[in-house]
Each structure stands twice: as C-alpha cells, then as structure tokens.
2 protein chains.
Amino acid sequence: MTTPIPRSINLRQVAEEAGVHPSTASRALNSATRHLVAAPVAERVQEAAARLGYRPDAAAMSLRTGRSRLVGALVPGIANPVFAPILAAAAAALSADGHALLVADPGDDPERAAEFVAELAARRVDGLLLATVSLRDDPALAACRLRGLPTVLVNRSGGEGVPAVVSDDRGGMALAVEHLVGLGHRRIAHVGGPAPLSTGLLRREGFERAMAAAGLDIPPGWVEAATAYGRAEGEAAATLLLTRCPGVTALACANDLLALGAYDACHRAGLRIPADISVTGHNDMPMVDLIEPPLTTIRIPHERMGREAARLLLERIHQGAEAGTLVLASGLVQRGSSGPPPDGMTATA
Amino acid sequence: MTTPIPRSINLRQVAEEAGVHPSTASRALNSATRHLVAAPVAERVQEAAARLGYRPDAAAMSLRTGRSRLVGALVPGIANPVFAPILAAAAAALSADGHALLVADPGDDPERAAEFVAELAARRVDGLLLATVSLRDDPALAACRLRGLPTVLVNRSGGEGVPAVVSDDRGGMALAVEHLVGLGHRRIAHVGGPAPLSTGLLRREGFERAMAAAGLDIPPGWVEAATAYGRAEGEAAATLLLTRCPGVTALACANDLLALGAYDACHRAGLRIPADISVTGHNDMPMVDLIEPPLTTIRIPHERMGREAARLLLERIHQGAEAGTLVLASGLVQRGSSGPPPDGMTATA
DNA sequence: AGGGGCTATACAATCGATTGCAGAGGAAAT
DNA sequence: ATTTCCTCTGCAATCGATTGTATAGCCCCT
C-alpha cells in the first residue's frame, strides 16, 4: 500500500506479452504501419496492449518523432469571456484529433508572449493558436516564424498572409451603425478598441464606412479609442465623448466590456438608456442579456471560431497546407439598450 | 527562405561551443548539480547557452527524468465563469515554478474524465488539479490513485483524506440564510445543487443548519436539488418550489446560475424581486452585479483558490508531502435581490 | 531443384538530456 | 617522496518509441 509499483507498462512489455519484438509491436499498433505486420500477429499485439492497458509514452514518442500532439494557445486572459468559449471549442476539436491544448496566458505583454512561444517551442508543440497578436511586428508572431511553427490567429488578424480565423469586424460594426441609423439616430459616437489590435482598427473602419454610407458626418473627436478592452477604460472613453460631443444620441462601442463602461458613464451623467441615449456593444458575451437594460450587441460565432481555427491548424500541421484567412459573419442581436433617439433629435443632422 | 533550418539548439552544441562534454554542460546548467563543476567552466557554459539561445528539450528531459513540468487540470467547462478565474490563477502560480497547465474538459461525464486522466498520465503530468470530482467513488480520482499521481481537488471535496482547496460551502450558505433571517424572512426555501457534488451537499447542509440555528422549520419539500448547475435547471427547481411552498418569501440558491434561473421562475410567476420575494446566489460570478436587480450572493475567493491549489500541488510534487484540505472563508455581498419580506409575512412562522 | 522476388520479422541506431561511475590531476599529509 | 584524498571532467548507459536495414523463410516459376 506504500507505492505499489505505479510504473506504467511500456512497449517492450506488450511485445513480450505478445511474443514479438518491440519494433513489430510498434508497427502493429500504428495504423500507418500495420500493413507491414501479418494480420494475426497484429491482432495478438493489439489484444495484448488492450489487456495490459498500454499507452505509448508521450515523451518518448515526441522525442523520436519530433511531434508532441500538443498545440499551444496564447490568450490575453483565460477567463476572458470572449476567448474562453473559443478555447473550449478549439480544445474539443483538437482533442478529437488526439491533440491536447496547452494554454499560456501572457496577459497583454507582447514580450512575455514571445517568451511563452519559446517555452512552448521547447515543449515541441505541433502548432500554435494566437489570440494575443497585435497588428504590427508582433514579437510572438515573429518568434513563431523564426521556428517555423504552424500558426493560426484567432479573433485577431495579423496582416500580410498570416492565417487567421476572425469574425467580420468591419461588417459587424456596420450592422450596429445601420441599426442605430434605422432607429433614427444621426449623431453617433464611437468608443473604439485599442488601436494596435486588429479588432480595434477594423471595427473603427467599419464604423467610419457605415457612417459614410449612411451619408452621416463624423465630427472630429467623435471617435475615442479606449486604451484596453475593459469596463473602466470604456467608462473613461465614454465620459470623454459625452462631454465632447454635443447632441450625441448613441454610442457604438467596439466591445461589450466597453459598452458596460459606457453604461457607467451614462449613469454618472444622469442619462437613461435607451431613453436619452442608445448604447451598442460587440461580441455578445454571456450574460449581457441579463443586465439592465439588456445590451444590444453584435454576436460573433465563438464556438465556430474556435472549431475552425483548430481545423485550419490541424490541416496545416498534417498537410503543411498554407491556410488562408477565414472571415465568419456576425449578426445583430437587438435588445433593450437601443431605441429611437429622444424627440427632436432625429432631424438634427 | 524556404526552410532555414529551424532545428533548434541542443545540449551537444552548447557543450561544443563551450569546449566541454555534454554531461558537464548539463551539470553546469542545472542549479542542483552546478557545484560539481568548476566556477569558470560553469560560467563559460552558461554564457554559451545564452549566446545560442539554448532551451532544453522538454521531451528528452521528461523521458530521462520522468518529470514533465506539466500539470493537468480537469474542469467541467473551460468557459465556466467559476472555474475560469481559478484556472487562470493556478496557471499563473504554476508558471512561476516552470510548470505549464494542460487543461482537459470532460464536461460532466465521469468516464470521460477518467479517460482524460489516463491520457494526461501518458503525457507524464507531474500532478493533477481536479475540479470535476463527484462525492463518491469518482472514476477520475480512482484513476489518479491507481497511478500514484499527486492530486489536489479544487472547489470540490472528495471525502476521506483527499487534499482539496474549497471555500466554506456550509458557512457561505449559512451567511446567506442569516442575512435573509436578519431581514425578517421566516419562510425560506432552498434551490440546491446536484446532490453528487460536494458543493451541492455541503451548501444544503449549511442551509439546514443555519435554519435550525435560527429556530426555523424547513417543511418537507422546501428543498429542491437542481439536476445541474444551470440556468434552466434553476428555473425548473424554483418553479417547483414556488408552487409547492405556500407563503415562501425567499429562495436561497446554491449557485448564481441557479439564482438566475430562479429570477426567470419568479418573473414567470409574476413575482417582483425583491418586493415580493428575495433571491440569493452563491459564487459571485462576474457580471451578476449588473443584472436587474443586482444579485445578492456569496463571494468565494476564486483567484486565491487557484493559487493555493497550485501551491499545495507543487508542495506535494516537490516534497511529496501529504497536503491537507484548505477551507477558504467566503463573504456575503449584499445587493438588490434581497430585501425585507412583504408586509405581514414577517411574523408568519 | 534452384534462384528470384516477396513478405514478415528482428536488429540496432536514433532522438536529447541526465546521472552513476571511473579516472585524471592536484593538493595535502605523513 | 609516496600515499591518500578530493575535485573536476569525461564516458557510457539509460529513458521508450520509431524506423532504416538486414535476414529468414516462403512461394512460384522455369
């Protein structure tokens, strides 16, 4: 009862049990080489392996083959309500292929992210999912390139030819603007995401294009980029906009957390949502349907994003194929935080 | 520019660069054996390693030493708002010790959990954090025992002598009951968690003890265990209680998600919270302060839980010490979903 | 009957780091 | 001056699975 030999069984023991050489056992257990072994022998080996509960040692296999059946993921916050479901879906898809997900959380520090890439590379990960990448000259991405690691970006794009799975950031933000315009809004301000992030840039572009398409002006100072995707940062940016934008009737935010911060700013300014001002978010995080008022936002397909990213990465790993960028459509979820502008504001523009 | 030899540096190359034998290089780079090497030689080796950007190959190291610097975690849902912050904190603490966290998500399937344990064991994890364990004869726990894997339970207790880090489930639920009693409630029902889970059982016990301590009766049928920690399950259980418990003025729920379901049930029954009925939760998930009305709940120290679990596990791994169970205090967070009972209901009991 | 061709298996090298053991060299002690 | 001891370094085995190569049969054909 002290330490009852918890040493696990290895290939040699299986081979002995089946009365063959380890190399034969190896071939019998590997579907790609099984045809090299006589059928009855293969069966005997497999049976012996099953009886003994054999599992190939991952370290030895990894050392010999160079592949680890591990995939690394870099995320800015495991508990982030946007990335958590993406990770969950990716992990499930990878697991079905025998891969496990090694999650590293460097926060918002790009240097730390590059350091984690080195660590993951030393662990011989077969590929990497990157959700931390910023738009220009990201050190983590460079570290992957340097080592020739298959890489897929998730919910972030990295520019020139980097495979990625993203939602239609521009189109999603345009949906929000069109919705507000449809309700009669003309004076709309934008709480933007951090500029170095693709979501920040693209959603801002989506805002600008949709406003232009609706024939609406964006006065200078009506776009304010938050310094990070956080509630406090959203409040700060929204507070700025509320004082700076006379007659503003709607805030289109680049992200749900920013929208929550905008709620705070509006409440502190004594504005009711949506009676005095409308607010929209982006991402449709869990539970934003429960807040008061329920948040009108853009739904992005988190699960699908994770699944597709895993699929693309596995393709790249197995076939070495150069994966392209996949843009998934997002949709408007209309709830209680958006409504018609206050009386008399409709015809202002 | 095709494939510029992304093969990484190994120990032999470092040794050559420093003009020593690989074994000497190994000793020079390992702090535990460095004293066996002459100081100037050790320095030369370290410098060479730094210059070449050497990282020991994890697979080879793991194969030789039997340790992988990997820790597995089994959680029922990566995106679960309770476990995600626990995982994040644990990952950070482990990372500081050179360990990485390998997350496996078997959902609620105990057989699948045991299968994942086998897979993680084959990957030679140094230890396991278990957040999926049910109270009696859990297969995953048995699988760990069988292999002699160091194990710490998180937010779950497993009975007899299994190391665990949990919050004070009984005490937390008692806080909620005392709060309600203090407001004047006498007729309180309990929406319980799943019975096979320690949180389900202990919080129910906490409810019963606190009611007894307050001199209050629990009529038969005033406790209803939900089949899972979910909003729909909470609504089902709460609906049952609302029809079954005449004059009930408060629902003490075992979990925030159940409380959200209770909100749904109350709304469908035309009851206003907290004017007609009070509702309390447990866990203080992110964003429950934003719903309407903001949820009164019990705050459990997620981050600390993850951190302490990691610490205990590392102790067990390094020193082989038998870790005990750590019970962390939780606190009441009073918000808008609890208030005095409707007029005339105070003196009913 | 003997050789060519083929199949199925065994042998042995290999991946990269760690570690028990042996031995070289120098210092200290008698 | 020789022995003893100690410090440092090199040698080689090892962890467990995979895979290139060699060989033992066997069948078939002429």
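In what follows, chains carry the letters A, B, and so on, assigned in the order in which the sequence lines appear, proteins first and then strands, with residues in each chain numbered from 1.
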Point to revise | Whole-Å gap separating P (C/dA10) and CD (A/Glu16) | key: 12 Å
Check your understanding: Whole-Å distance between D/dT9 C1' and B/Arg44 CZ?
Key -> 11 Å
Check your understanding: Roughly how many Å is it from CG in A/Leu11 to P in D/dA17, rounded to a whole number?
Key -> 5 Å
Check your understanding: Take atom CZ in B/Arg34; do more than 12 heavy atoms of anything else shown fall under 6.0 Å from it?
Key -> yes
**Study point:** Residue-phosphate contact under 4.0 Å: A/Tyr54 side-chain N/O, D/dA17 OP1/OP2
**Key:** yes
Practice item. Tell me which nucleotide among C/dA17, D/dT18, C/dT9 gets nearest to the side chain of A/Val41. Key: C/dT9
Check your understanding: Just wondering, do B/Ser8 and A/Arg147 contact through their side chains at under 4.5 Å, heavy atoms?
Key -> no
Practice item. Ignoring backbone atoms, establish whether B/His21 has a side-chain N or O less than 4.0 Å from OP1 or OP2 of D/dT9. Key: no
Review point. Roughly, in whole Å, what's the span from CG in A/Asp57 to C1' in D/dC15?
Key: 8 Å
Point to revise | Length of the CG-C1' vector between B/Leu63 and C/dT14, whole Å | key: 12 Å
**Study point:** Side chain to side chain, B/Val154 and B/Leu87, heavy atoms closer than 4.5 Å
**Key:** no
Check your understanding: Looking for any heavy atom pair under 4.0 Å, which part of the strands does B/Arg124 touch: base, sugar-phosphate only, or nothing?
Key -> sugar-phosphate
Check your understanding: Whole-Å distance between D/dT14 P and A/Asn10 CG?
Key -> 14 Å
Review point. Do A/Pro106 and A/Thr132 touch side chain to side chain, with heavy atoms closer than 4.5 Å?
Key: yes
**Study point:** B/Arg64 side-chain proximity, nearest of D/dG10, D/dT19, C/dG16
**Key:** C/dG16
Practice item. Please list, by residue number, the residues of residues 24-40 of chain A whose heavy atoms come closer than 4.0 Å to an atom of DNA chain D; answer none if no residue qualifies. Key: A/Ser26, A/Arg27
Review point. Across the strands shown, which category fits B/Ser23 at heavy-atom distances under 4.0 angstrom: base, sugar-phosphate, nothing?
Key: base
Check your understanding: Rounded to whole angstroms, how far apart are CZ on B/Arg123 and P on D/dC15?
Key -> 22 Å
**Study point:** Within 6.0 Å of CG in B/Asp109, more than 12 heavy atoms from elsewhere
**Key:** yes
Study note, to complete from the structure: Of A/Ile317, A/Val165, A/Leu129, the one forming a side chain to side chain contact (heavy atoms under 4.5 Å, CB included) with A/Leu312 is A/Val165
**Study point:** Separation between CZ of A/Arg316 and CG of A/Leu128, rounded to the nearest 0.5 Å
**Key:** 11.0 Å
Practice item. Take the protein atom CD1 of B/Ile9 and the nucleotide atom P of C/dA17, then report the distance between them rounded to whole Å. Key: 10 Å
